[in-house]
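Reading through the structure tokens given below for one structure.
Remember, predicted model here, so these are calculated numbers, not experimental data.
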Amino acid sequence: MSDFEIMFALFSLLIGLAMAELLTGLARAWRIKRGAIDKGEAAIKVGWLVPLFGFVLLSELTRFWITAYSLREYLVFDYFHLLAMAAIIGGYFIISTFVFPDEPSKWPDFDDYFLRTNRTVVGGMIVVNLTIMLYAALLVASGAPWEETPVARSWISMVAAASYLPALAALWFARSKRTNLFVLILIVMLNLTLAIGSGQR
């Protein structure tokens with residue numbers, strides 16, 4: 001097995017668990033919205049903020065995996081690289097557990113839950129993204145070609161990537177439900193733009 005295969009055999013489990021956590025939350029929110037739940041959760045208002053938040057983090061996890069795969073030849077199986085990957089993927093897993101409430105029946109309005117916990121998740125996302133940027137910069141400095149990363153494949157993806165951290169900062173400072181909804185939609189659009197731009201050659 002290559003160094004990349006050994007590392008990803010270890011960390012794919014955490015990535016999968018983080019994605020499963022988010023998908024389970026999205027599925028439960030949909031079931032609540034459709035009325036396919038027990039009577040104790042019948043009066044819950046799901047809204048848009050929490051599901052959009054879950055979609056944003058799910059998109060980030062997918063983008064991270066694609067970026068890591070594009071740089072697979074330059075990932076070294078040593079203690080430093082394992083710690084870096086553990087910090088990034090572990091961080092994603094931890095914050096993914098905050099996106100949806102563990103006991104929905106205690107939160108009649110998911111928007112209230114979002115406003116209570118969103119700074120924890122957004123702060124974690126900012127830290128993880130800065131860690132990824134630092135780690136990617138170290139890889140590029142050690143010989144990994146920048147042009148092979150998905151972000152560098154088109155000017156569209158580069159503009160979207162450059163706008164991503166400011167958008168997360170705006171989400172951190174947003175207070176009202178309407179402002180949070182606007183910023184979340186903007187971040188979803190940035191993620192879709194990154195997906196389209198990174199597909200270009």
Is there a side-chain contact between [X] and [Y], using heavy atoms and a 4.5 Å cut-off?
X      : Y      : value
Val99  : Glu21  : no
Arg63  : Tyr164 : yes
Ile126 : Val122 : yes
Val159 : Thr193 : no
Asn191 : Phe55  : no

Nearest-0.5 Å distance, [atom1] of residue [X] to [atom2] of residue [Y]:
X      : Y      : atom1 : atom2 : result
Ile15  : Ser96  : CD1   : OG    : 11.5 Å
Leu52  : Leu26  : CG    : CG    : 9.5 Å
Ile187 : Leu194 : CD1   : CG    : 11.5 Å
Phe93  : Leu61  : CZ    : CG    : 11.0 Å
Leu168 : Met125 : CG    : CE    : 5.0 Å
Lys177 : Asp109 : NZ    : CG    : 4.0 Å

Exercise. In terms of the angle between their ring planes, are Phe64 and Tyr92 parallel, tilted or perpendicular, with boundaries placed at 30° and 60°?
Worked result: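 Ring orientation, 0 to 90° scale: tilted.
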Please report the shortest heavy-atom distance between [X] and [Y], naming the atom on each side.
X      : Y      : value
Ala167 : Leu190 : CB-CD1, 3.8 Å
Pro51  : Val46  : CG-CG1, 3.8 Å
Gly124 : Ile95  : CA-CG2, 3.9 Å
Thr179 : Ala174 : CG2-CB, 3.7 Å
Trp65  : Ser12  : NE1-OG, 4.3 Å

With the 4.5 Å side-chain cut-off for hydrophobic clustering, are [X] and [Y] part of the same group?
X      : Y      : result
Leu192 : Leu171 : yes
Val127 : Phe98  : no
Met85  : Leu83  : no
Ile89  : Tyr79  : no

Exercise. Please walk me through it: do Thr117 and Thr120 pass side-chain hydrogen bond (donor to acceptor under 3.5 Å, both in side chains)?
Worked result: CA-CA 6 Å; Thr117 61; Thr120 300; over 6 Å; no
Exercise. Given Trp107, which of Phe114, Tyr113, Phe100 fulfils the ring pair (Phe, Tyr, Trp, His ring centres under 6.0 Å) condition?
Worked result: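 Of Phe114, Tyr113, Phe100, ring pair (Phe, Tyr, Trp, His ring centres under 6.0 Å) with Trp107 is met by Tyr113 alone.
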Exercise. Counting heavy atoms not belonging to Arg119, are there more than 12 under 6.0 Å from its CZ?
Worked result: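 Yes, enclosed.
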